[in-house]
Colleague: 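Structure below; questions to follow.
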Amino acid sequence: MEANMPKRKEPGRSLRIKVISMGNAEVGKSCIIKRYCEKRFVSKYLATIGIDYGVTKVHVRDREIKVNIFDMAGHPFFYEVRNEFYKDTQGVILVYDVGQKDSFDALDAWLAEMKQELGPHGNMENIIFVVCANKIDCTKHRCVDESEGRLWAESKGFLYFETSAQTGEGINEMFQTFYVSIVDVCENGGKRPTTNSSASFTKEQADAIRRIRNSKDSWDMLGVKPGASRDEVNKAYRKLAVLLHPDKCVAPGSEDAFKAVVNARIALLKNIK
Ligand code: GTP
Ligand code: MG
């Protein structure tokens, strides 16, 4: 009997996962998915109405993975429709448009919406998030640079990719890494392997880089009051230099932040007696 049975794939090796897309309307969520699944790009904007659902098969190592993709509408109007699709998700594709600062600033609100819908017992720790900095082909309009996006993503333990659904750049690499990371979690009993669960820099370093980037002048950059003394400026400088020195800090944007701090000190000391 056994010998005549049709050869079937080992059932334990196949896996079914659920992924969702999140991000503001028009950032390119549907186009990213279409580029990967259908190898094409649609330039006309066709807003997703509520949710689009699709199934695709991929291979990771020797496993066949059946992926259920729920492509969410980004428009606030569809909140009521998409809110029930957050649960039982293993992976999230979180997208912003590098030419729309608002869509980058909105990423925190998207995480908050998901957290709220999962409720107090919902756990987002073991969900794999991949951040797509999309539309990198539109270089002229770019206003969120790579280090800013990467810093946001990596300080949360998320993957980060620069993508263009139009040219296809970064899309296959992004999906491949995303699926491998999800399978790693599944094979680890649903928990993130400890090696890739934390960023290789501290929150203090990430916060300092963000603060320096957004500072309005040299005083603000060093975190001292206007009119501070040489000693105060030097003390603040030393603290930041230790925190952000390129030999010690690998956070995205740390080199530029370090240079900015050096220049701010020089500029301030010139005018302090
Ligand atoms: P909603 O469904 O409303 O939430 O929007 P969405 O995020 O799914 O956006 P969609 O994929 O429909 O793309 C919106 C517009 O951006 C369309 O006109 C696309 O052609 C365009 N677009 C998407 N990705 C890219 C890209 O990488 N480069 C360029 N230049 N345009 C893109
Ligand atoms: Mg869409």
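One-based numbering, in listed order, for ligands and for the atoms of each.
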Colleague: Can you name the atoms of ligand 1, numbered from 1 with element, that are less than 4.0 Å from a heavy atom of Asp137?
Modeller: 26 (C), 27 (O), 28 (N), 29 (C), 30 (N)
Colleague: I need the contact type for Val27 against ligand 1. Using non-hydrogen atoms and a strict under-4.0 Å cut-off, is it side chain, backbone, both or neither?
Modeller: both
Colleague: Would you say Ser21 has an N, O or S atom lying under 2.8 Å from the Mg ion (ligand 2)?
Modeller: no
Colleague: Less than 3.5 Å between some nitrogen or oxygen of Ser43 and one of ligand 1, yes or no?
Modeller: yes
Colleague: What protein heavy atom sits nearest atom 5 (O) of ligand 1, and how far away is it?
Modeller: Glu26 N, 2.9 Å
Colleague: So which heavy atom on Ser147 is nearest to which on Pro252, and how close?
Modeller: O-CB, 3.6 Å
Colleague: Are the charged groups of Lys225 and Glu232 less than 4.0 angstrom apart, N to O?
Modeller: no
Colleague: Could you establish whether Cys138 and ligand 1 come within less than 4.0 Å of each other, counting only heavy atoms on the residue side?
Modeller: yes
Colleague: How far is atom 7 (O) of ligand 1 from the closest protein heavy atom, and which atom is that?
Modeller: Lys29 NZ, 2.8 Å
Colleague: Do Gly28 and ligand 1 have an N or O pair less than 3.5 Å apart?
Modeller: yes
Colleague: Check step by step if salt bridge (charged side-chain N to carboxylate O under 4.0 Å, His left out) holds for Lys156 and Asp108.
Modeller: CA-CA 11 Å; Lys156 291 187 154 44; Asp108 283 308; 3.7 Å; yes
Colleague: What residue and heavy atom of the protein are closest to atom 11 (O) of ligand 1, and at what distance?
Modeller: Cys31 N, 2.9 Å
Colleague: Ion pair present between Asp207 and Arg211, side-chain N to carboxylate O less than 4.0 angstrom?
Modeller: no
Colleague: Between Arg61 and Glu187, does any side-chain N to carboxylate O distance fall below 4.0 Å?
Modeller: yes
Colleague: For the 3.5 Å polar cut-off, considering only N or O atoms, please tell me whether Thr163 and ligand 1 meet it.
Modeller: no
Colleague: Do Ala73 and ligand 1 have an N or O pair less than 3.5 Å apart?
Modeller: no
Colleague: Among all protein heavy atoms, pick out the one at the shortest distance from atom 3 (O) of ligand 1; state its residue, atom name and that distance to 0.1 Å.
Modeller: Tyr45 OH, 2.5 Å
Colleague: Where do Val130 and Thr177 land on the side chain to side chain contact (heavy atoms under 4.5 Å, CB included) test, with the steps shown first?
Modeller: CA-CA 9 Å; Val130 63; Thr177 310; over 6 Å; no
Colleague: Please answer whether the main-chain N or O of Asp184 pairs with a side-chain N or O of Asn188 as donor and acceptor at a distance below 3.5 Å.
Modeller: no
Colleague: List every atom of ligand 1 that sits less than 4.0 Å from any heavy atom of Ser30, numbering the atoms from 1 in the order shown and giving each element.
Modeller: 8 (O), 11 (O)
Colleague: Asn134 heavy atoms, cut-off 4.0 Å: which ligand 1 atoms fall inside?
Modeller: 24 (N), 25 (C), 27 (O)
Colleague: Any idea which atoms of ligand 1 are less than 4.0 Å away from a heavy-atom of Gly74?
Modeller: 1 (P), 4 (O)
Colleague: Asp231 and Ser229: side-chain donor and acceptor closer than 3.5 Å?
Modeller: no
Colleague: Check this for me - ligand 1, Ala47, N or O atoms closer than 3.5 angstrom, yes or no?
Modeller: no
Colleague: Just heavy atoms, cut-off under 4.0 Å: does Val42 contact ligand 1 by side chain, backbone, both, or neither?
Modeller: backbone
Colleague: For atom 27 (O) of ligand 1, which protein heavy atom lies nearest, and how many Å away is it?
Modeller: Ala165 N, 2.8 Å
Colleague: Please find out if the Mg ion (ligand 2) and some N, O or S atom of Ser30 are separated by less than 2.8 Å.
Modeller: yes
Colleague: Between Asp97 and Lys135, does the salt bridge (charged side-chain N to carboxylate O under 4.0 Å, His left out) criterion hold? Intermediate values first, please.
Modeller: CA-CA 6 Å; Asp97 173 349; Lys135 306 199 188 182; 3.6 Å; yes
Colleague: For Glu162, is there an ion pair with Arg142 - N to carboxylate O distance below 4.0 angstrom?
Modeller: yes
Colleague: Can you sort out which atoms of ligand 1 are near Phe41, meaning under 4.0 Å from one of its heavy atoms?
Modeller: 20 (O), 22 (N), 23 (C), 24 (N), 25 (C), 31 (N), 32 (C)
Colleague: Can you find a side-chain donor-acceptor pair between Tyr86 and Glu113 that sits under 3.5 Å?
Modeller: yes
Colleague: Please name the residue in the list Arg35, Lys34, Arg40 that meets the side-chain hydrogen bond (donor to acceptor under 3.5 Å, both in side chains) test with Glu38.
Modeller: Arg40
Colleague: Is the closest N or O pair between Gly23 and ligand 1 shorter than 3.5 Å?
Modeller: no
Colleague: Backbone N or O of Leu151 within a donor-acceptor pair of the Ser155 side chain at under 3.5 Å?
Modeller: yes
Colleague: Looking at Leu15, is its backbone amide N or carbonyl O close enough to the side chain of Arg63 to form a donor-acceptor pair, meaning the two atoms are under 3.5 Å apart?
Modeller: no
Colleague: Compare Thr48, Ile51, Thr167 and give the one whose heavy atom is closest to atom 2 (O) of ligand 1.
Modeller: Thr48
Colleague: Starting from atom 22 (N) of ligand 1, locate the nearest protein heavy atom and write down its residue, its atom name and how far away it is, to 0.1 Å.
Modeller: Lys135 CE, 3.6 Å
